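Predicted model only: the values in this text are computed from it and were never measured. Counting starts at 1 for both ligands and their atoms, following the listed order.
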Amino acid sequence: MTTPRLETDLDAITHNTRSLANQLAHRGIGITGVAKATLGSPNVAAAMIRGGVRGMGDSRMENIARLRASTLQSSLTLIRSPMRSQAEWVVREADCSLNTEPRVLDALSAAAVRRRTVHAVVLMVELGDLREGVASEDAVEMASTVAKRPGLRLAGLGTNLACRSGVMPDQNKMDELSSLVEQVETRVGHGLTVVSGGNSANLDWALSTPDTGRINDLRIGESILLGTEPLHRRPLSGLRADAFTLVAEVIELKTKPAQPWGQTAQSAFGDLPWRPRTGSVRQAIIALGRQDADPEGLTPPVGMTVLSASSDHLVLDVGDHELAVGDDVAFGLNYSALLRAMTSPFVRSNDLGTAPHGATVAPKDPLFTKYAA
Ligand SMILES: *Cc1c(COP(=O)(O)O)cnc(C)c1O
């Protein structure tokens, strides 16, 4: 089989989804599955749907369109603020989008009216991580203007923490969002159906808090795909961390001195932190480089160590492993390595991306149901 290749264990993804969906359901929270690290793979989305997500979200319209064109029947939410230039596309393919900008809302409204449809909007609130979101002082006013735009329906409020600045979701911040929901409801005169508290970084809070308040949705990618929580990158108990494996081939295997010789200056990309000081190393060169995956995010088999990586070569200390030129070596991946491997044209994915026909039809999510105007 060709290498480098990324192998996806869809059962692990279903298992992780089911475990988190069950735990969160006890707390009144549903999951919007996020498969953006897999280019919006319909197979991965199908695995999440089998595990119990109530809809799918993605940050890119290309991925939303790919999911829409598949056999999956899931609600689709664009989770990055829409580009104004893509308003028509957003309204055509997505049921809902997360928003912060009046000019974009105007464009979505006009596009929805032209298509005689209603597009659901979740207004994102800034709670301190300083990425997307309107100031909380402005949220009630902005929310009331969303509700007034023709072709748009104010579905709810959301926030995103941790991604830019590492700000942790905590009780105060979630209480603030819940309180804003109540103020908005009073102002607009109807209940909000979606209160999307955040991403995988919210799981610690969501699974331990005595009070989830009004939060009824989390947008989860990393924890389902990798079985880790992103605040401390710890494994989540009961979840599988082996859904993805990157397989690449040994192209040189030799024992070499641990230390280079000659005058040294900078190497192509700087060095990874560890290298043996003396003696010799049984080193393998793997046909895998920075163009294929983020080497800092690769976990080699136990007993092997990544020594360095350049564009096209990964150097491993392979210890006493039985290994020969032409053999495959399998690596675990963190989120960054997964993202790069999925988007690299050099890495073949064994997930061919067409959902098994009819296998996985999610009920249309009542929260996001699209209806004609
Ligand atoms: C990527 C993303 C998510 C999912 O984040 P994970 O850490 O993978 O769970 C949720 N919300 C937004 C806005 C995102 O961009």
Side-chain angles (χ1 to χ4, degrees), residues 13 16-17 19-21 23-24 29-41 44-45 47-48 51 53-64 67 76-83 90 94 96-101 104 121-134 155-169 173-174 177 194-207 215-236 239 241 243-244 297 333-340 342-343 368:
I13 291 170
N16 289 354
T17 311
S19 169
L20 290 173
Q23 294 177 65
L24 288 170
I29 296 176
I31 296 178
T32 295
V34 178
K36 68 190 183 197
T38 67
L39 299 176
S41 154
V44 170
M48 290 184 177
V53 300
R54 67 181 188 197
M56 291 299 300
D58 207 288
S59 50
R60 307 245 171 190
M61 277 311 301
E62 288 80 355
N63 297 349
I64 294 271
L67 291 171
L76 298 176
T77 297
L78 179 64
I79 63 173
R80 185 171 71 180
S81 306
M83 292 183 214
V90 173
C96 177
S97 58
L98 311 186
N99 284 273
T100 64
E101 286 291 349
V104 173
V121 167
V122 169
L123 184 67
M124 294 295 276
V125 182
E126 175 61 66
L127 291 180
D129 197 53
L130 301 179
R131 207 179 68 181
E132 73 274 37
V134 303
L157 297 187
T159 195
N160 195 71
L161 292 163
C163 284
R164 179 187 165 191
S165 313
V167 171
M168 288 170 61
K173 296 197 186 285
M174 293 299 107
L177 187 61
V194 185
V195 185
S196 191
N199 53 56
S200 294
N202 285 58
L203 283 171
D204 270 354
W205 167 80
L207 296 175
I215 312 303
N216 66 7
D217 175 79
L218 292 178
R219 310 172 304 272
I220 306 285
E222 175 168 346
S223 293
I224 290 174
L225 298 174
L226 299 177
T228 49
E229 59 80 33
L231 289 173
H232 309 97
R233 297 260 139 66
R234 283 186 303 233
L236 284 160
L239 298 202
F244 296 94
L333 304 95
N334 72 6
Y335 198 79
S336 166
L338 176 65
L339 206 61
R340 185 137 7 129
M342 277 288 177
T343 51
F368 293 101

Checklist entry - Any non-hydrogen atom of Met124 lying under 4.0 Å from ligand 1? => result no
Next on the checklist: Could you tell me, atom by atom, which parts of ligand 1 come under 4.0 Å of a heavy atom of Ile79?
Outcome noted: 2 (C), 3 (C), 11 (N), 12 (C), 13 (C), 14 (C), 15 (O)
Next on the checklist: Any heavy atom of Lys36 closer to ligand 1 than 4.0 angstrom?
Outcome noted: yes
Item to check | Gap between atom OG of Ser223 and atom CD1 of Ile31 - 0.5 Å precision | outcome: 9.0 Å
Checklist entry - Out of Leu78, Ile64, Leu39, which one pairs with Asp58 under the side-chain contact (heavy atoms from CB on, under 4.5 Å) rule? => result Ile64
Checklist entry - Taking N or O atoms only and a 3.5 Å limit, does Ser59 qualify as a polar contact for ligand 1? => result no
Next on the checklist: Assess, by modelled atom type and distance only, whether the side chains of Arg219 and Asn160 contain a donor and an acceptor separated by less than 3.5 Å.
Outcome noted: yes
Checklist entry - Is it true that Arg60 lies under 4.0 Å from ligand 1, counting heavy atoms only? => result no
Checklist entry - Ile220 heavy atoms, cut-off 4.0 Å: which ligand 1 atoms fall inside? => result 9 (O)
Checklist entry - What salt bridge (Lys or Arg N to Asp or Glu O under 4.0 Å) pairs are there with at least one residue in residues 121-133, not counting sequence neighbours? => result none
Item to check | Distance in Å, Thr17 OG1 paired with Leu225 CG, rounded so as to fall on 0.5 Å steps | outcome: 8.0 Å
Next on the checklist: Salt bridge or not between Asp217 and Arg54? Use side-chain N to carboxylate O under 4.0 Å.
Outcome noted: yes
Checklist entry - Any idea which protein heavy atom is nearest atom 9 (O) of ligand 1, and the distance to it? => result Ser200 OG, 2.5 Å
Item to check | Arg219-ligand 1 polar pair, N/O distance under 3.5 Å | outcome: yes
Item to check | Short N or O distance, Gly221 and ligand 1, threshold 3.5 Å exclusive | outcome: yes
Checklist entry - Which is it for Arg131 and ligand 1 at heavy atoms under 4.0 Å: side chain, backbone, both or neither? => result side chain
Checklist entry - Is the side chain of Ser59 donor-acceptor paired with the backbone N or O of Arg80 at a distance under 3.5 Å, no angle test? => result no
Item to check | Residue, atom name and distance, where the atom is the protein heavy atom closest to atom 5 (O) of ligand 1 | outcome: Asn199 CB, 3.4 Å
Checklist entry - Quick one: which ligand 1 atoms are inside 4.0 Å of a heavy atom on Glu132? => result 13 (C)
Next on the checklist: Among all the protein's non-hydrogen atoms, which is closest to atom 8 (O) of ligand 1, and how far away is it?
Outcome noted: Glu222 N, 2.8 Å
Item to check | Residues in side chain to side chain contact (heavy atoms under 4.5 Å, CB included) contact with Val121, at least two apart in sequence or another chain | outcome: Asn99, Leu105, His119, Val146, Leu152
